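All remarks here apply to the structure that follows.
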Amino acid sequence: MTAARLVGAWELVGYEVPAAPPPQRHPLGARPLGQLVYTADGYMAVHYMAGERPLLAAENWRTASDGERLAAVATYGGYSGRYEWLGDRVAHHVDASIYPNWIGTTLVRNAVLDGDLLVLRATVDDPAPEPGRPPAPVLRWRRRP
């Protein structure tokens, strides 16, 4: 696979933590939502979230209650930056992230492309968000037309 085959927009079709017990095995639910974009000039952006999140009571997220905002953030992830193809892996050099500790780091993903399906799995090169974290999630993406 070459980096050129990554270029385009991808839709999240699966988010699974293989070794975790239910319900942690599918922390974003049965129908997660997300989009991953790779550009030809080396940039990427990804957003992923639970597919069935409750709406906030407030019209504006800034005036929502702290509990509502916390619940919304707990079911959402995203980051962006440059990417680099490494043969069978892709390195995401993070410039912006909902998780501030990732900013300035590189997240390495094992990558398998099979037709219009891209499977990404975190590698041990990732900075751990906390000690004793669960096994790395596997994200399945389908190329968008």
Side-chain angles (χ1 to χ4, degrees), residues 1-54 56 60-62 64-145:
M1 182 168 104
T2 65
R5 293 188 56 205
L6 289 177
V7 172
W10 300 84
E11 175 184 15
L12 184 62
V13 294
Y15 184 108
E16 180 181 6
V17 182
Q24 294 89 2
R25 186 176 181 110
H26 299 280
L28 299 181
R31 292 187 202 103
L33 298 174
Q35 186 174 48
L36 169 63
V37 176
Y38 289 107
T39 67
D41 58 348
Y43 288 90
M44 62 77 57
V46 62
H47 299 273
Y48 46 92
M49 66 192 78
E52 298 179 13
R53 300 177 349 151
L56 302 180
N60 184 316
W61 70 270
R62 291 179 184 170
S65 72
D66 288 345
E68 283 185 307
R69 286 189 299 207
L70 179 60
V73 169
T75 57
Y76 173 84
Y79 61 89
S80 62
R82 294 193 57 82
Y83 75 93
E84 177 182 9
W85 179 244
L86 303 173
D88 60 349
R89 297 174 298 146
V90 61
H92 298 159
H93 305 290
V94 181
D95 292 330
S97 174
I98 191 166
Y99 183 60
N101 296 26
W102 281 356
I103 297 169
T105 68
T106 298
L107 306 176
V108 180
R109 305 289 184 243
N110 290 322
V112 176
L113 183 60
D114 183 13
D116 68 346
L117 187 66
L118 173 64
V119 178
L120 297 178
R121 180 188 302 262
T123 70
V124 295
D125 298 340
D126 282 353
E130 59 190 57
R133 70 178 174 162
V138 176
L139 284 76
R140 290 177 174 75
W141 303 90
R142 180 172 295 121
R143 186 180 296 279
R144 296 188 76 152

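Here the structure is a predicted model, which means the values were calculated and not measured.
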I would like to know whether L120 and V90 meet side-chain contact (heavy atoms from CB on, under 4.5 Å); could you show each step before the answer?
-> CA-CA 9 Å; L120 297 178; V90 61; 4.1 Å; yes
Test side-chain contact (heavy atoms from CB on, under 4.5 Å) applied to W61 and E68, step by step = CA-CA 9 Å; W61 70 270; E68 283 185 307; over 6 Å; no
Show your working on side-chain contact (heavy atoms from CB on, under 4.5 Å) between M49 and Y15 and close with a plain yes or no.
-> CA-CA 9 Å; M49 66 192 78; Y15 184 108; over 6 Å; no
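Between G34 and W141, the closest heavy-atom pair is C-CZ3, 3.8 Å. I103 and S97 make their closest contact through CG1-N, 3.8 Å (heavy atoms, listed as atom of the first residue, atom of the second, distance). Shortest non-hydrogen contact noted between R144 and W10 is CG-C, 3.9 Å. When all heavy atoms of V13 and L117 are compared, the pair lying nearest together is CG2-CD1, 4.1 Å. Of all the heavy atoms in L36 and M44, the pair that sits closest is CD1-CE, 3.9 Å. Contact record, Y83 with A3: OH-O, 4.2 Å, taken as the closest heavy-atom pair.
With rounding to the nearest 0.5 Å, the separation of CD in E84 from CZ in R89 is 9.5 Å. Separation of atoms CD (E11) and CG (D116) is listed at 10.5 Å; rounding is to 0.5 Å. Taking CZ from R69 and CG from L56, the interatomic distance works out to 9.5 Å, rounded to the nearest 0.5 Å. A distance of 10.5 Å separates CZ of R121 from CG of L139, quoted to the nearest 0.5 Å. D88 CG to L113 CG: the interatomic distance, rounded to the nearest 0.5 Å, is 12.5 Å. Taking CZ from R140 and CG from D114, the interatomic distance works out to 11.5 Å, rounded to the nearest 0.5 Å.
Proximity of a side-chain donor or acceptor of R53 to a complementary backbone N or O of A72 within less than 3.5 Å is detected. Proximity of a side-chain donor or acceptor of R25 to a complementary backbone N or O of P18 within less than 3.5 Å is detected.
Ring-plane geometry between Y79 and W102 is classed as perpendicular, the angle between the planes exceeding 60 degrees on a 0 to 90 degree scale with a lower cut at 30.
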